[in-house]
Amino acid sequence: MNSQDFGAPGASQDDLFSPRSPRGLLDNLNPEQYAAVTLGQEPALILAGAGSGKTRVLTTRIAWLMSQGLTTPAGVMAVTFTNKAAKEMVTRLSAMLPVNVRGMWLGTFHGLCNRFLRAHWKLAGLPQGFQILDAGDTVSAVKRVIKAMKLDEERFVPKQVSWFIAGAKEDGMRPRDIDLRDEQTRKLVEIYQAYEDQCEREGVVDFAELMLRSYELMRDNAAVREHYQRRFQYVLVDEFQDTNKLQYAWLKMFAPPGNGQGVFAVGDDDQSIYAFRGARVGNMSDFEREYRVRKVVKLEQNYRSFGNILDAANALISNNSHRLGKNLRTEAGPGEPVRVHEANSDFAEAQWLLEEAQALHRQGLARSEIAVLYRSNAQSRVIESALFNAGIPYRVYGGLRFFERAEVKHALAYLRLIENPNDDTSFLRVVNFPARGIGARTVELLQDGARQSGRSLYQSIGSVSGRGGASLGGFVGMVDAMREATTGLTLREIIEHVIETSGLADFYRAEKEGEERLENLGELVNAAEAFVTQEGFGKDAIALPVDEHSPGQIADGLPAAIAPANPATPDAETGEIMSPLAAFLTHASLEAGDNQAQAGQDAVQLMTVHSAKGLEFDAVFITGLEEGLFPHENSMSDSDGLEEERRLMYVAITRARQRLYISFCQTRMLHGQTRYNIKSRFMEELPEETLKWLTPRNQGFGSGFARDYQQAWQRGSGLKSMVGAGRVEPPSFASAPVPQSMKQSAAQKTGDEHGGLRVGKGVFHTKFGEGVLLTLEGSGPDARAQVNFGRHGVKWLALSVAKLTPID
DNA sequence: CCGGAATGATTTTTT
DNA sequence: ATCATTCCGG
């Protein structure tokens with residue numbers, strides 16, 4: 001999109017303009033892009049490198065298909081992963097053609113599943129107004145199940161169990177499908193089953209369930225399946241490398257191999273960075289094979305970055321095996337070298353990048369064109385405080401999303417209870433918030449009563465007698481009164497009413513630091529207002545299934561028997577079949593909303609490398625290129641993990657248009673402890689000729705930070721990874737927490753010198769190479785040293801055996 | 001029931 | 001260091 005900055009090959013491509021297409025649509029596409037856009041109704045795999053105009057190809061293809069009369073909006077399904085990507089597509093598409101985006105199935109996997117299930121709730125075995133649990137809701141629902149089953153929460157950690165359940169669902173497995181290989185699994189499956197029953201009772205579905213339910217309905221109902229397969233002539237999938245097993249299976253239900261539909265999968269195996277949550281890069285090669293893709297189109301022309309940046313990226317990624325093979329090229333010339341900076345500490349790193357960023361800004365670069373990337377969120381703090389103290393505006397991505405804030409979730413819980421009083425998750429969230437004298441004991445009694453009768457908490461308040469019962473009656477009475485009082489009101493009025501009568505407003509007004517929370521509640525009202533009036537997505541969600549039974553669609557062959565289930569009385573004028581409130585609640589679960597309010601300001605952008613995917617900036621700082629951090633130590637043990645880390649670095653590098661900085665430091669505060677690091681192996685994988693060192697190259701290990709050595713006894717994370725890899729026995733003291741009082745003496749002890757070795761200094765080992773000495777302890781034949789050897793890990797060595805020589 | 005103190009866990013993240 | 005959760009005494 002900023003190709004003009006780099007002299008994109010626009011002029012040379014006028015000859016590609018086809019007189020049959022609307023003027024401009026195919027202008028300035030390069031030959032590969034053109035080939036992809038104008039493919040016929042056949043399966044296609046597009047390998048779209050970073051900055052190769054992927055979104056443009058996707059949207060242009062949709063526009064082209066319609067302009068050629070090859071299909072209509074109803075015949076197209078376009079799937080993305082994020083709401084942001086979906087919105088981007090809508091925006092660009094409507095700029096190209098006056099497309100009826102509403103009639104098109106364009107959205108996220110989960111958004112489309114929601115749409116599908118809203119239309120076919122009956123066939124899918126769901127209640128009409130089913131609500132969607134977000135990640136947090138899911139964990140607390142699982143937690144309740146574990147409690148109810150009286151299982152040990154230490155052995156069955158709710159978060160991990162919910163991860164297990166989601167993982168099973170994403171493999172298409174119901175409880176009965178899982179192999180009960182051991183006792184633990186047997187119990188987990190029991191929890192899974194109980195969780196499913198609970199969701200069923202409460203009329204809620206989690207994210208994975210949206211996908212699995214849709215998949216199963218398509219699989220098991222031939223009429224539905226045939227209808228949708230006939231309807232969608234063209235199916236486009238973005239970020240295909242990020243699809244998991246279930247998503248691919250889902251896709252195959254809508255457009256199976258050999259069915260003649262135009263399935264257009266776009267992806268980049270080098271940018272697959274979500275294997276850790278179930279993404280299968282292998283889906284790309286599976287797709288190529290199963291769909292018998294005749295020609296894979298590679299988009300390798302990069303319109304984003306200068307040559308040195310791309311050379312660095314290409315060289316780095318070439319260290320990965322199992323690639324589909326692709327090399328980015330640019331016509332923009334080499335540009336500036338990649339600048340490399342080594343700092344003594346994370347603090348110094350932050351200070352340096354701040355000054356550098358300020359200099360760029362003074363040279364006329366907008367702050368919003370400067371991005372600071374890091375591997376893990378914890379790294380943002382020191383950078384933030386440096387920027388904050390210097391008074392430089394910045395924006396941090398990630399963190400709490402709007403709809404995930406506690407006060408917002410509380411308000412939503414009341415709203416959900418109005419919509420569905422049997423939603424136990426919401427019931428429990430607010431039954432005693434604000435506090436109204438309903439304690440843990442009372443809630444426990446209520447839960448027992450509910451369990452015995454198999455009813456919801458709301459239905460079971462009669463089972464608790466005495467004072468607790470009376471308070472519960474009061475709560476339920478209040479919710480019922482809210483429901484009554486808000487019928488017929490607008491969404492905005494409903495929410496305002498709930499915030500006031502629930503006592504939430506008063507609670508936060510009374511609280512010392514409730515100001516911001518009150519503002520967020522006000523913001524919730526605004527969000528609702530915007531949702532109702534907004535064209536496009538919001539309205540789309542409300543009026544959703546209307547297009548499903550527009551005359552054309554039914555005539556299209558959906559048998560009456562399986563026609564979308566209608567509510568008794570859809571609104572005659574708008575066709576609304578969901579109440580605005582229900583639709584808004586769905587919207588809140590499906591789209592967590594942006595997190596930072598200061599989005600409009602010109603500010604330096606701070607984010608993890610993961611969240612930078614898909615974005616681009618004129619100047620990019622990649623920080624913390626240190627072994628154990630990037631690559632992260634938890635990913636270093638196996639080659640798959642390491643390759644994913646490398647792809648992550650590849651993604652980071654390719655975010656930069658003009659100027660790229662890479663930095664690392666010798667010491668870093670982590671979890672309140674200073675740790676000594678050596679530079680990342682990825683640094684060695686960057687071609688020297690693309691780099692420009694801002695600090696002296698090949699500085700000896702440990703130079704300049706020996707004065708900090710007294711803290712070097714640290715073991716913590718390094719040890720953990722060691723134990724995890726099963727390589728070394730940890731020293732006995734380290735596995736037990738060390739009392740604060742002992743830390744000083746232990747630290748001082750490590751200050752000792754041993755045969756010229758000093759903590760914090762570099763050492764050389766004949767087998768493991770260079771490392772940093774972290775700890776020295778014991779004496780004589782028992783003397784041991786802990787050394788960080790970077791790629792060889794952190795090791796404990798007996799000095800009587802190991803040959804360690806000091807360097808520097 | 002509430003609030004302070006102890007305890008524990010901190011890769012990456014969308015929906 | 002920091003944040004969230006849990007525990008325990010008033």
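Letters go in sequence order (proteins before strands), and every chain restarts at 1.
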- Query: Reckon Ser589(A) touches a base, only the sugar-phosphate, or nothing at all at heavy-atom distances under 4.0 Å?
  - Reply: nothing
- Message: Determine whether the aromatic ring centres of residues Phe427(A) and Phe475(A) are separated by less than 6.0 angstrom.
- Response: yes
- Message: Classify Ile438(A) by what it touches in the nucleic acid, base, sugar-phosphate, or nothing, heavy-atom distance under 4.0 Å.
- Response: sugar-phosphate
- Are His110(A) and Phe116(A) close enough that their ring centers fall under 6.0 Å? no
- Query: From the list dT14(B), dC2(B), dT12(B), which nucleotide is the closest neighbour of the side chain of Arg277(A)?
  - Reply: dT14(B)
- Specify the separation, in whole Å, of atom CG of Leu590(A) and atom P of dT15(B). 9 Å
- Are any of the side-chain heavy atoms of Asp238(A) and Lys54(A) separated by less than 4.5 Å? yes
- Message: Can you see if the side chain of Arg401(A) gets near the phosphate of dT13(B) - specifically, an N or O under 4.0 Å from OP1 or OP2?
- Response: no
- Message: Counting only side-chain heavy atoms from C-beta out, which of dT14(B), dT2(C), dC2(B) sits nearest to Arg381(A)?
- Response: dT2(C)
- Message: Between Thr608(A) and Arg441(A), which residue's closest nucleotide on DNA chain B lies nearer the 5′ terminus?
- Response: Arg441(A)
- DNA chain B nearest-nucleotide lookup for Leu648(A) and Ala440(A): closer to the 5′ end is Ala440(A)
- Can you tell which of dA1(C), dT15(B), dC2(B) lies closest to the side chain of His671(A)? dA1(C)
- Side chains of Glu384(A) and Tyr394(A): does their closest heavy-atom pair fall under 4.5 Å? yes
- Item | Out of dC2(B), dT15(B), dT11(B), whichever nucleotide has its closest atom nearest the side chain of Asn634(A) | dT11(B)
- Base of dT15(B) and ring of His110(A) stacked, centres under 5.5 Å, planes under 30°: no
- Whole-Å distance between dT11(B) P and Trp163(A) CH2? 14 Å
- Scan Phe276(A) against the nucleic acid and name what it touches under 4.0 Å (heavy atoms): base, sugar-phosphate only, or nothing. base
- Is Ala135(A) touching bases, backbone alone, or none of the nucleic acid, heavy atoms closer than 4.0 Å? base
- Task: Applying side-chain hydrogen bond (donor to acceptor under 3.5 Å, both in side chains), run through Asn244(A) and Tyr274(A) and close with a yes or a no.
- Result: CA-CA 9 Å; Asn244(A) 62 35; Tyr274(A) 287 110; over 6 Å; no
- Query: Reckon Lys143(A) touches a base, only the sugar-phosphate, or nothing at all at heavy-atom distances under 4.0 Å?
  - Reply: sugar-phosphate
- Task: Establish, with yes or no, whether the OP1 or OP2 oxygen of dT14(B) is under 4.0 angstrom from a side-chain nitrogen or oxygen of Asn83(A).
- Result: no
- Message: Taking the minimum atom-to-atom distance to the side chain of Asn432(A), which one of dC2(B), dT15(B), dT6(C) wins?
- Response: dC2(B)
- Message: In this structure, how many angstroms lie between the P atom of dT14(B) and the CZ atom of Phe240(A), rounded?
- Response: 21 Å
- Query: With sugar-phosphate meaning primed atoms plus P, OP1 and OP2, does Tyr274(A) contact a base, only sugar-phosphate, or nothing at under 4.0 Å between heavy atoms?
  - Reply: sugar-phosphate
- Query: If you check the Asn377(A) side chain, which of dT13(B), dT15(B), dT11(B) turns out closest?
  - Reply: dT13(B)
